[in-house]
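Notes to accompany the following structure.
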Amino acid sequence: MKNLLSISKEVQHALDHNLPVVALESTIISHGMPYPQNVQMAKTVEQIIRDNGAVPATIAIMDGQFKIGLEEADLERLASEKPVAKVSRRDLAEVFAKGILGATTVATTMIGAHLAGIKVFVTGGIGGVHRGVEETMDISADLDELGQTPVTVVCAGAKAILDLPRTLEYLETKGVPVVGYQTDYLPAFYTRTSEYKLNSRADKPEEIAAMMDYSEALGLKGGILVTNPIPAEHEIPHEKIDAIIDAAVKEADEKGIRGKDSTPFLLAKIVELTDGASLNTNIQLVYNNAKLGAKIAKAYQER
Ligand code: PSU
Ligand code: MN
């Protein structure tokens, strides 16, 4: 097991001393945002986690290992090198075997975090059930991972490039609690809320830490999905974003963009159609999630 993981000194020290650690993914850097905003975001989010009392552990795959806790030069490579493999569960063994540079999705960041003993992971948005699933059967491996790997994932809900009600149904089937942080409704990424009511709500990080504890004690094995609404001052209203998302989904469909290329295509298209406004929103919600994730990690360690 040792040689599958390359854990930075700082992260190892934190793990050895039961200090709060927060995992971060790398596909959001390599495939989720354009350069150079992506590397700036990656550095800033680490700083926010430090400022809130936890140690950041950005995860990627390098030289046939999960690298847990990256150097600035690693972040720069992930942000600018082409190609970087987008690594979901099915790609993992191959990318390790070939020793190529890989960016971890939510699914594989959870796997790496769990192997390293990290309990909390912060991202922007998760993958989900795609619109048009009746035709394509496109369901992100992120959802099954949440059903089987015990890591708490903090996100801003799911964006409307996905089929939100079906994503919630799928998570229910997999036994994944979807917790609204200070909200009763599923946040919709760019917007603070959607019409979809959640079954679970938490108003304090301590409540989520308690759920983590009991999930573990009960041997439930799966993760917990915390959905945290974007701050009001940064949201893009439904009236504005919905038509843009529809246009992006339509174009992807017409161009026959499928499989692992679908999410990166849609994200880039939405940035283009909003003249960059969606990028700023995306970055701000990651920062907001980082604050909450650090607090949850602290509350968990303090129990
Ligand atoms: N949603 C975002 N930004 C992202 C992703 C999703 O708003 O960067 C990335 C995450 O890494 C997520 C992945 O795990 O896309 C899902 O891809 P797929 O749908 O191919 O499973
Ligand atoms: Mn997919």
Side-chain angles (χ1 to χ4, degrees), residues 25-33 85-92 103-111 121 123-149 153-176 178 185-191 193-198 222-223 225 227 230 236 238 240-274 278-279 281-282 285-286:
E25 63 154 306
S26 42
T27 293
I28 190 175
I29 305 171
S30 63
H31 296 80
M33 291 180 191
K86 176 184 164 191
V87 186
S88 193
R89 172 178 266 266
R90 64 120 191 244
D91 312 297
L92 202 49
T104 52
T105 62
V106 168
T108 48
T109 306
M110 290 179 76
I111 294 171
F121 159 29
T123 187
I126 57 159
V129 177
H130 278 260
R131 291 205 217 164
V133 65
E134 308 91 312
E135 287 280 319
T136 60
M137 276 190 39
D138 190 347
I139 300 173
S140 174
D142 293 352
L143 301 186
D144 276 73
E145 206 60 53
L146 281 160
Q148 62 185 325
T149 301
V153 179
V154 182
C155 70
K159 62 168 79 60
I161 61 171
L162 302 171
D163 185 325
L164 302 185
R166 283 191 169 104
T167 299
L168 288 176
E169 287 295 345
Y170 196 90
L171 287 166
E172 179 184 354
T173 301
K174 295 290 165 182
V176 179
V178 180
Y185 291 87
L186 178 70
F189 199 85
Y190 300 115
T191 42
T193 193
S194 71
E195 62 191 282
Y196 308 109
K197 195 149 197 302
L198 298 174
L225 185 64
T227 62
I230 183 167
I236 309 182
H238 278 296
K240 221 170 170 176
I241 199 74
D242 287 356
I244 285 170
I245 291 173
D246 289 346
V249 170
K250 185 159 172 272
E251 185 168 336
D253 196 36
E254 283 163 4
K255 290 194 165 147
I257 313 269
R258 295 202 155 211
K260 71 193 293 186
D261 298 330
S262 176
T263 300
F265 175 87
L266 292 168
L267 295 176
K269 190 42 80 180
I270 294 167
V271 172
E272 186 191 313
L273 294 175
T274 58
S278 72
L279 179 59
T281 301
N282 199 343
L285 63 83
V286 174

Please enumerate all residues that pass salt bridge (charged side-chain N to carboxylate O under 4.0 Å, His left out) together with [X], with sequence neighbours excluded.
| X | answer |
| --- | --- |
| D261 | none |
| K86 | none |
| K174 | D144 |
| E172 | none |

Within this structure, what is the [atom1]-[atom2] distance for the pair [X] and [Y], rounded to the nearest 0.5 Å?
| X | Y | atom1 | atom2 | answer |
| --- | --- | --- | --- | --- |
| I161 | L266 | CD1 | CG | 4.5 Å |
| E272 | S278 | CD | OG | 10.0 Å |
| M110 | T104 | CE | OG1 | 12.0 Å |
| D142 | Y170 | CG | OH | 11.0 Å |
| L279 | M33 | CG | CE | 6.0 Å |

| Hey, does K269 have a side-chain heavy atom less than 4.5 Å from the side chain of V249? |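 When only atoms from C-beta onward are counted, K269 and V249 do not touch, as no gap falls below 4.5 Å.
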| Between L267 and K159, is any pair of side-chain heavy atoms under 4.5 Å apart? |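 Of all side-chain heavy-atom pairs linking K159 with L267, at least one is under 4.5 Å.
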Strictly distance-based, threshold 3.5 Å: is any side-chain N or O of [X] a donor or acceptor partner for the main-chain N or O of [Y]?
| X | Y | result |
| --- | --- | --- |
| H238 | T193 | yes |
| T108 | V87 | yes |
| S262 | G259 | no |

Holding to side chain to side chain contact (heavy atoms under 4.5 Å, CB included), I want the full list of residues that pass it with [X], two or more places apart in sequence or in another chain.
| X | result |
| --- | --- |
| A268 | none |
| K250 | E254 |
| A103 | S26, T27, S30, H31, L78, V84 |
| R166 | V129, V133, E134, D163 |

Tell me, please, which residues at least two apart from [X] pass side-chain hydrogen bond (donor to acceptor under 3.5 Å, both in side chains).
| X | answer |
| --- | --- |
| E25 | T123 |
| E195 | none |
| K260 | none |
| S88 | none |

Considering all heavy atoms of both residues, which atom of [X] and which atom of [Y] are nearest to each other, and what is their separation?
| X | Y | answer |
| --- | --- | --- |
| F189 | G157 | CD1-O, 4.4 Å |
| V178 | T227 | CG1-CG2, 3.8 Å |
| L164 | A188 | CD1-CB, 4.3 Å |
| L198 | L186 | CG-N, 3.6 Å |
| I139 | L143 | CG2-CD1, 3.9 Å |
| I241 | I270 | CD1-CG2, 4.2 Å |

| message | Under the side chain to side chain contact (heavy atoms under 4.5 Å, CB included) test against L225, which residue among V106, L168, I126, V154 passes? | response |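 Considering V106, L168, I126, V154, a side chain to side chain contact (heavy atoms under 4.5 Å, CB included) with L225 is found only for I126.
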| Between D253 and R131, does a salt bridge (Lys or Arg N to Asp or Glu O under 4.0 Å) hold up when you go through it step by step? | CA-CA 10 Å; D253 196 36; R131 291 205 217 164; over 6 Å; no
| said: With side-chain contact (heavy atoms from CB on, under 4.5 Å) as the criterion, how do E251 and F265 come out once you've worked through the C-alpha distance, each side chain's angles and the decisive distance to 0.1 Å? | reply: CA-CA 10 Å; E251 185 168 336; F265 175 87; 4.1 Å; yes
| request: Evaluate the side-chain contact (heavy atoms from CB on, under 4.5 Å) criterion for residues I245 and Y190: first the C-alpha distance (whole Å), next the side-chain angles of each, then the deciding distance (0.1 Å), finally the verdict. | output: CA-CA 11 Å; I245 291 173; Y190 300 115; 4.2 Å; yes
| request: For R258 and D138, run side-chain contact (heavy atoms from CB on, under 4.5 Å): C-alpha distance rounded to whole Å, both residues' side-chain angles, the deciding distance at 0.1 Å, then the answer. | output: CA-CA 8 Å; R258 295 202 155 211; D138 190 347; over 6 Å; no
